[in-house]
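Shown next, in structure tokens, is the structure this report addresses.
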Amino acid sequence: QVQPVESGGGLVQAGGSLRLSCATSGSIFSIAAMGWYRQAPGQQRELVAGFTSGGKINYADSVKGRFTISRDNAKNTVYLQMNSLKLEDTAVYYCNAFVHLGALGYKNYWGQGTQVTVSS
């Protein structure tokens, strides 16, 4: 069974930094796309940063210059380095992996989420 697993969330003061990790395990042929989304209370889930299937990186305008996404293909792991955190970055952060399962085709998977809370 394929499962992305996030780690690295927590409580941090405004201006601080956190690094999130997401490792996807299971019977994976390859990972076509992988990224981070977040959802704050009462709001829709939104893309924070992600790698497309073509290798392009997309960032939400609100995090450009502060967050950096990176990946380790050998470990099927994606990272999100978050610097200069703001109160409005508080949310549950979800890892998403669009996985190639070989003969079974492609399927989208979500992690369970990790809470990031930025305090003043």
Side-chain angles (χ1 to χ4, degrees):
Q1 183 171 348
V2 178
Q3 180 64 53
V5 178
E6 304 102 336
S7 61
L11 175 65
V12 63
Q13 286 191 325
S17 298
L18 281 176
R19 188 185 191 222
L20 305 183
S21 300
C22 174
T24 299
S25 61
S27 299
I28 300 170
F29 185 76
S30 66
I31 295 181
M34 202 165 182
W36 292 94
Y37 289 71
R38 68 186 180 187
Q39 188 168 18
Q43 297 188 20
Q44 291 187 333
R45 191 172 298 187
E46 62 174 358
L47 174 70
V48 177
F51 290 93
T52 68
S53 57
K56 180 182 177 182
I57 296 176
N58 291 321
Y59 288 101
D61 289 341
S62 60
V63 307
K64 285 180 180 177
R66 300 187 298 121
F67 291 11
T68 302
I69 190 171
S70 60
R71 67 189 295 178
D72 184 334
N73 291 330
K75 297 181 179 179
N76 290 330
T77 298
V78 65
Y79 306 95
L80 185 68
Q81 178 65 43
M82 305 186 292
N83 299 328
S84 303
L85 282 161
K86 303 177 180 180
L87 297 178
E88 52 264 41
D89 294 319
T90 295
V92 178
Y93 283 69
Y94 296 91
C95 177
N96 176 265
F98 186 56
V99 177
H100 185 201
L101 300 174
L104 297 178
Y106 291 84
K107 189 173 180 180
N108 203 38
Y109 293 91
W110 291 95
Q112 80 285 356
T114 185
Q115 177 70 45
V116 171
T117 302
V118 183
S119 65
S120 59

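Numbers for residues simply follow the sequence, beginning at 1. The structure presented is a predicted model; accordingly, all values stated were derived computationally and were not measured.
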For [X], check side chain to side chain contact (heavy atoms under 4.5 Å, CB included) against everything at least two apart and list the hits.
X: Ser7; value: Ser21
X: Ser30; value: His100
X: Ala14; value: Val118
X: Thr52; value: Lys56, Asn58

Do you know which two heavy atoms are closest between [X] and [Y], and how far apart they sit?
X: Ala97; Y: Thr24; answer: CB-OG1, 3.9 Å
X: Gly113; Y: Glu6; answer: N-OE1, 3.0 Å
X: Ser62; Y: Arg38; answer: OG-NH2, 3.3 Å

Legend entry - Residues, nucleotides or ligands: over 12 heavy atoms within 6.0 Å of Glu88 CD: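 Counting neighbours around CD of Glu88, more than 12 heavy atoms of other residues, nucleotides or ligands fall under 6.0 Å, so yes.
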
Going by atom type alone, with no hydrogens or angles, which donor-acceptor pairs under 3.5 Å involve a side-chain atom of residues 74-82 and a protein atom two or more places apart or on another chain?
from, atom 1, to, atom 2, distance (Å)
Thr77, OG1, Lys75, O, 2.9
Gln81, NE2, Asn83, OD1, 2.9

Would you indicate whether the side-chain heavy atoms of [Y] and [X] approach each other to under 4.5 Å?
X: Ser119; Y: Val12; result: no
X: Leu18; Y: Tyr93; result: no
X: Lys107; Y: Val2; result: no

Legend entry - Leu11 reachable from Leu87 in the ILVMFWY side-chain graph, under 4.5 Å edges: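 No.
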
Legend entry - Shared hydrophobic cluster for Ile31 and Ile57 (ILVMFWY, side-chain gaps under 4.5 Å):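 The answer is yes; both residues are in one hydrophobic cluster.
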
Legend entry - Those residues that, when tested against Arg71, pass salt bridge (Lys or Arg N to Asp or Glu O under 4.0 Å) (two or more places apart):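 Expected list: none.
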
Inset, instruction - With sequence neighbours excluded, tell me which residues meet salt bridge (Lys or Arg N to Asp or Glu O under 4.0 Å) with Lys64. - result: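 Lys64 satisfies salt bridge (Lys or Arg N to Asp or Glu O under 4.0 Å) with Asp61 once adjacent residues are dropped.
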
Legend entry - Shared-cluster residues of Tyr106, by chain and number - hydrophobic side chains joined below 4.5 Å: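 Answer for Tyr106: Phe98.
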
Inset, instruction - Quick one: name the residues clustered hydrophobically with Leu47, using the 4.5 Å side-chain heavy-atom rule over I, L, V, M, F, W, Y, and just say none if it's on its own. - result: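 For the cluster that includes Leu47, the remaining residues are Tyr37, Val92, Tyr94, Trp110.
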
Inset, instruction - Under the side chain to side chain donor-acceptor pair (under 3.5 Å) rule, collect the residues that match up with Gln3, sequence neighbours excluded. - result: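 Partners of Gln3 by the side chain to side chain donor-acceptor pair (under 3.5 Å) criterion come out as none, since no residue qualifies.
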
Inset, instruction - Apply side chain to side chain donor-acceptor pair (under 3.5 Å) to Arg66 and list each qualifying residue two or more places apart in sequence or on a separate chain. - result: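 Per chain and number, Arg66 pairs via side chain to side chain donor-acceptor pair (under 3.5 Å) with Asp89.
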
Inset, instruction - Among residues two or more places apart or on two chains, list those pairs meeting disulfide (SG to SG under 2.5 Å) that have a residue in residues 52-102. - result: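 Every disulfide (SG to SG under 2.5 Å) pair that includes a residue of residues 52-102, provided the two are not neighbours, is Cys22-Cys95.
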
Legend entry - Residues Thr117 and Gln115: side-chain donor-acceptor under 3.5 angstrom: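 Yes, Gln115 and Thr117 have a side-chain donor paired with an acceptor closer than 3.5 Å.
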
Legend entry - Trace of the side chain to side chain contact (heavy atoms under 4.5 Å, CB included) decision for Leu85 with Phe67: CA-CA 9 Å; Leu85 282 161; Phe67 291 11; 3.7 Å; yes

Legend entry - Euclidean distance, Lys86 NZ relative to Ser84 OG, rounded to 0.5 Å: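 Result: 8.0 Å between the selected atoms.
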
Inset, instruction - Measure the spacing between CZ of Phe51 and CG of Asn96 and express it to the nearest 0.5 Å. - result: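 Going from the CZ atom of Phe51 to the CG atom of Asn96 covers 13.5 Å.
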
